[in-house]
There are 2 protein chains.
Amino acid sequence: MPVAAKSARMRYGWRMSSVSPRSPETPTSSVPAARRARKKSKTRADLLAAGTALFASRGFDETTTNDIAEAADVSQRTLFRHFATKEALLYGDMDEALDELRAGLAGRPSGEPVFTSLRRSLVGLAGNFEAHREGRLLQARLAAEYPSVSAYSRATVQLSWERAIIEGLAERLGEDPMLDPRPEIIAGATMSAVRIATRQWVASGGRADFVALVDAAMAVIPHLGELDLEMVRDSP
Amino acid sequence: MPVAAKSARMRYGWRMSSVSPRSPETPTSSVPAARRARKKSKTRADLLAAGTALFASRGFDETTTNDIAEAADVSQRTLFRHFATKEALLYGDMDEALDELRAGLAGRPSGEPVFTSLRRSLVGLAGNFEAHREGRLLQARLAAEYPSVSAYSRATVQLSWERAIIEGLAERLGEDPMLDPRPEIIAGATMSAVRIATRQWVASGGRADFVALVDAAMAVIPHLGELDLEMVRDSP
DNA sequence: TTGACTAATGTCAGCGACTGACATACCATG
DNA sequence: CATGGTATGTCAGTCGCTGACATTAGTCAA
């Protein structure tokens with residue numbers, strides 16, 4: 001029961017391309033010259049599995065990178081060749097989610113209203129969360145307990161989503177995101193919506209409907225302007 | 001010229017209350033029993049000054065915490081008693097900005113429209129930036145160059161502002177921020193506006209009018225709803 | 001003034017994330 | 001099979017950061 005961990009680390013975490021395990025072509029035959037890639041993928045997958053298991057049972061700070069490497073039967077050095085940081089290892093399966101988000105945004109029909117496109121794209125993210133419920137819940141719980149995990153989530157994982165949204169929206173709007181502030185502003189509001197939805201989803205133990213939660217939070221964005229007229233809070 | 005630093009560290013950074021240097025009561029007399037506090041403040045100030053100077057001349061990763069401690073003529077252990085992390089030392093003068101933001105929000109008249117309150121409160125932040133131009137520019141430049149600094153800025157500094165805004169808005173709206181998503185959504189959009197404004201301000205070398213920049217970015221928030229109707233981007 | 005009390009600092013040993021350098025094993029390819 | 005490149009192992013080292021304990025020095029009451 002590490003009391004909100006008094007310490008922890010974090011580095012950024014980008015780079016490291018190495019394609020995710022994915023389906024190795026076809027179980028057999030086809031392209032026989034891929035053993036090397038398959039072994040590499042396996043090493044990565046082993047590390048991911050070992051890390052997840054240890055983090056879940058012991059906690060984040062309580063697990064050393066050496067523990068993980070040994071559990072995966074590789075050297076610590078190999079671990080750090082696959083993952084830039086300990087945190088990156090915890091979020092090692094997040095690339096797919098990013099891809100789905102990007103693809104979702106890019107795939108929306110041209111004439112569709114912006115917020116509709118955004119909401120529909122987030123369905124992809126939501127689906128990914130439900131498809132990896134246990135892993136996502138673990139990540140969320142560790143982020144709630146360990147500051148370094150929380151920081152990594154915000155500064156790396158969520159930032160990558162935000163950037164994907166900014167680029168996707170700018171593309172749809174046909175504007176340069178460095179000149180038109182709207183994509184970035186919308187992305188900021190959207191990330192808040194995603195955090196709200198995630199928090200509620202985690203609180204429900206992953207049983208709530210993620211899509212509905214995101215939609216509910218997203219729904220308030222277009223109505224923010226109405227608040228500008230309200231003269232709230234007359235002291236009772 | 002560290003090429004976007006290949007490595008760096010970060011921990012969270014909260015805790016550590018120790019009041020900022022502020023005015024030590026009165027130059028003389030008054031409360032003579034405060035030498036201890038003054039010395040502590042001086043140590044902190046020395047560390048801050050040493051850190052700033054070294055970071056500016058050598059870079060962030062290129063400066064060790066030991067370098068800073070020695071430059072300030074204290075032990076490394078003392079440095080870490082004053083600042084939880086190396087990054088927290090770089091942002092050691094940011095508390096004032098947070099206080100101004102909080103106070104600004106709390107001090108706005110009750111009947112004032114929400115966005116007006118927010119914009120006026122951000123004037124405090126802007127003023128703080130202009131009052132500490134060199135320091136803020138250094139922080140921004142280091143954040144652009146070193147991932148660990150950027151991560152800390154996002155995950156700690158900006159998060160504290162965001163929380164202040166959420167709490168301030170919830171208070172004004174008389175709502176529980178855990179039930180009403182609007183404060184958090186607005187805060188997310190606002191933080192994007194602040195980042196946009198900061199980026200432009202830094203690009204201008206700190207010469208642009210920060211208040212005007214924030215206002216310009218904030219101005220689009222109430223009009224986000226209009227985007228929902230647009231059917232943009234008909235391929236040319 | 002003196003003598004406890006305690007807050008601030010120093011010292012030291014150590015943990016653990018991460019890295020560079022070099023060696024080795026192994027798959028790929030002509 | 002020879003050649004080459006890539007994934008991995010080994011090892012030593014850096015650096016941020018921490019716990020434990022000793023020391024210094026304001027503080028405050030008698």
Side-chain angles (χ1 to χ4, degrees), chain A residues 2 5-13 15-19 31-47 51 58 60-70 72-90 146-149 152, chain B residues 2 5-13 15-19 24 31-47 51 58 60-70 72-90 146-149 151-152:
Chain A
K6 268 194 45 183
S7 161
R9 280 183 189 71
M10 128 146 242
R11 311 208 170 185
Y12 38 111
R15 64 167 144 147
M16 250 27 313
S17 47
S18 61
V19 204
V31 183
R35 181 146 48 195
R36 190 174 244 152
R38 254 180 294 129
K39 286 204 170 186
K40 188 176 180 184
S41 286
K42 183 179 187 314
T43 301
R44 184 189 156 94
D46 288 350
L47 284 166
R58 290 191 206 166
F60 189 80
D61 288 351
E62 292 71 21
T63 304
T64 71
T65 52
N66 247 321
D67 292 338
I68 300 171
E70 282 188 15
D73 200 41
V74 296
S75 69
Q76 188 198 38
R77 195 67 183 81
T78 291
L79 183 158
F80 283 112
R81 285 206 182 89
H82 281 266
F83 302 95
T85 67
K86 198 178 166 186
E87 289 78 12
L89 170 60
L90 172 60
Y146 300 88
S148 76
V149 177
Y152 184 86
Chain B
K6 270 193 41 182
S7 159
R9 279 179 191 73
M10 124 145 247
R11 311 207 172 185
Y12 35 112
R15 63 165 145 149
M16 241 55 277
S17 48
S18 62
V19 204
V31 183
R35 182 146 46 195
R36 194 176 238 151
R38 257 181 290 129
K39 283 205 170 184
K40 189 176 179 183
S41 287
K42 183 180 186 314
T43 300
R44 184 189 156 95
D46 287 349
L47 283 165
R58 291 190 204 166
F60 189 80
D61 288 350
E62 292 70 21
T63 303
T64 71
T65 52
N66 247 321
D67 293 339
I68 300 171
E70 284 189 11
D73 200 43
V74 295
S75 70
Q76 188 199 37
R77 197 66 184 81
T78 292
L79 184 158
F80 283 112
R81 286 206 183 91
H82 281 266
F83 302 95
T85 68
K86 198 178 164 185
E87 288 79 12
L89 170 60
L90 173 59
Y146 300 88
S148 75
V149 177
Y152 183 86

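Just so it is clear: chains get the letters A, B, ... in the order the sequence lines come, proteins before strands, and each one is counted from 1.
Between B/A37 and B/T63, the residue anchored closer to the 5' end of DNA chain D is B/T63, taking for each the nucleotide with the nearest heavy atom. Between A/S75 and B/N66, the residue anchored nearer the 5' end of DNA chain D, judged by the nucleotide with its closest heavy atom, is A/S75.
Within the 4.0 angstrom heavy-atom criterion, only backbone atoms of the sugar-phosphate kind lie near A/T65; the bases stay farther away.
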Produce the list of close N/O pairs, under 3.5 Å, pairing protein atoms with atoms of nucleotides 4-7 of chain D; give distances to one decimal.
{"unit_1": "D/dG5", "atom_1": "N2", "unit_2": "A/R36", "atom_2": "NH2", "d": "2.0"}
{"unit_1": "D/dG5", "atom_1": "N3", "unit_2": "A/R36", "atom_2": "NH2", "d": "3.4"}
{"unit_1": "D/dT6", "atom_1": "O2", "unit_2": "A/R36", "atom_2": "NH2", "d": "3.3"}
{"unit_1": "D/dA7", "atom_1": "OP1", "unit_2": "A/K40", "atom_2": "NZ", "d": "3.3"}

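Not counting sequence neighbours, B/D73 has no partner by the salt bridge (charged side-chain N to carboxylate O under 4.0 Å, His left out) test. In this structure A/N66 satisfies the side-chain contact (heavy atoms from CB on, under 4.5 Å) test together with A/T64, A/Q76, sequence neighbours excluded.
Remark: the A/E87 side chain and the A/Y146 side chain contain no N/O donor-acceptor pair separated by less than 3.5 Å.
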Run A/R58 and A/D67 through side-chain contact (heavy atoms from CB on, under 4.5 Å) and show every step you take. CA-CA 11 Å; A/R58 290 191 206 166; A/D67 292 338; 2.8 Å; yes
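Separating the CZ atom of B/F80 from the C1' atom of C/dA13 is a distance of 16 Å, rounded to the nearest angstrom. Across the protein-nucleic acid pair, B/R77 atom CZ and C/dC12 atom C1' stand 11 Å apart, rounded to whole Å. Going from atom CG of B/D67 over to atom P of D/dT14 covers 14 Å, rounded to whole Å. B/K86 places its NZ atom 17 Å from the C1' atom of D/dT18, with the value rounded to the nearest Å. At whole-Å resolution of the value, CG in A/L89 and P in C/dG16 are 17 Å apart. Per the geometry, CG belonging to A/L47 stands 14 Å off P belonging to C/dA17, to the nearest Å. We find that CG of B/D73 is positioned 12 Å from C1' of C/dT9, with the value rounded to whole Å. Rounded to whole Å, the distance from CZ on B/R44 to P on C/dA7 is 19 Å.
Nearest to the side-chain atoms of A/T85 among the listed nucleotides C/dC27, C/dC18, D/dG26 stands C/dC18.
Taking CG of A/D46 as the start and CG of A/L79 as the end, the distance is 11.5 Å to the nearest 0.5 Å.
Contact detail for B/A72 and B/L47: the closest heavy-atom pair is CB-CD2, 3.7 Å. Nearest heavy-atom pair, B/D61 versus B/S148, reported as atom, atom and distance to 0.1 Å: OD1-OG, 4.5 Å.
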